Visitor: 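Supplied in structure tokens, the structure appears directly below.
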Amino acid sequence: MTRNTAPSPNTKTGRAAIARQARRHGYFHDRDNFTIAVACPLGRERASGAQPGHGQSVIQALDALMDDHLLHDCSKGPQQ
């Protein structure tokens with residue numbers, strides 16, 4: 001019997017799963033201001049940052065942005 005549990009922001013694997021969830025619900029790309037943003041599925045806050053540079057995909061940038069948000073700014077992240 002398996003339990004259906006939400007991913008934990010305390011582990012790298014859990015944060016990666018949360019980042020995939022966030023991307024599944026869409027993201028924001030403001031080309032005029034050179035920024036990207038994604039809504040956190042845990043705390044509903046918006047994590048935003050600079051758009052990806054050369055050699056980095058939008059997905060990589062969004063995942064890094066969400067990982068940083070979960071570690072430092074999320075109201076339901078591991079630091080709480």
Side-chain angles (χ1 to χ4, degrees):
M1 185 162 111
T2 61
R3 294 186 317 186
N4 187 10
T5 59
S8 170
N10 295 325
T11 66
K12 188 173 183 176
T13 304
R15 290 191 304 274
I18 293 167
R20 282 190 303 276
Q21 279 180 341
R23 280 190 282 111
R24 220 176 295 141
H25 294 287
Y27 64 92
F28 312 94
H29 191 174
D30 186 347
R31 294 180 193 274
D32 294 331
N33 292 325
F34 307 106
T35 59
I36 58 173
V38 64
C40 177
L42 298 181
R44 303 292 181 220
E45 300 121 337
R46 184 181 282 193
S48 61
Q51 72 180 14
H54 295 290
Q56 186 181 30
S57 73
V58 172
I59 290 174
Q60 289 171 328
L62 288 169
D63 287 355
L65 189 64
M66 183 54 59
D67 190 61
D68 186 61
H69 167 74
L70 290 168
L71 286 173
H72 304 288
D73 300 321
C74 184
S75 62
K76 297 186 180 185
Q79 78 283 2
Q80 298 306 321

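The shown structure was predicted, so the numbers you read here are calculated from the model rather than taken from an experiment.
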Visitor: At their closest point, which heavy atom of Leu42 faces which heavy atom of Pro9, and how far apart are they?
Guide: CD1-CG, 4.0 Å
Visitor: If you measure from CZ on Arg20 to CG on Asp63, what distance do you get to the nearest 0.5 Å?
Guide: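 If I round to the nearest 0.5 Å, the distance is 8.0 Å.
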Visitor: Using every non-hydrogen atom in the two residues, find where Ile36 and Ala61 come nearest and quote the distance to one decimal.
Guide: CD1-CB, 3.7 Å
Visitor: Find the distance between CG (Leu62) and CG (Asp67) and round it off to the nearest 0.5 Å.
Guide: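 Rounded to the nearest 0.5 Å, the CG-CG separation comes to 12.5 Å.
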Visitor: Any idea which heavy atoms bring Ser48 and Leu65 closest together, and the distance?
Guide: O-CD1, 3.4 Å
Visitor: Closest heavy-atom contact between Ala19 and Met66?
Guide: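 So the two residues come closest at CA-CG, 3.8 Å.
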Visitor: To the nearest 0.5 Å, what is the distance between OG on Ser75 and CG on Leu70?
Guide: 10.0 Å
Visitor: Hey, could you give me the SG/CD distance between Cys40 and Gln21, rounded to the nearest 0.5 Å?
Guide: 9.5 Å
Visitor: Could you grab the distance from atom NZ of Lys76 to atom OG of Ser8, nearest 0.5 Å is fine?
Guide: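 Rounded to the nearest 0.5 Å, the NZ-OG separation comes to 13.5 Å.
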Visitor: Run the side-chain contact (heavy atoms from CB on, under 4.5 Å) test against Asp32 and tell me which residues pass, sequence neighbours left out.
Guide: Asp30
Visitor: Any side-chain heavy-atom pair from Ile18 and Pro7 closer than 4.5 angstrom?
Guide: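 Yes. Closest side-chain heavy atoms under 4.5 Å.
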Visitor: Output the distance between atom CG (Asp73) and atom CZ (Arg46), rounded to the nearest 0.5 Å.
Guide: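 Atom-to-atom, Asp73:CG and Arg46:CZ are 15.0 Å apart.
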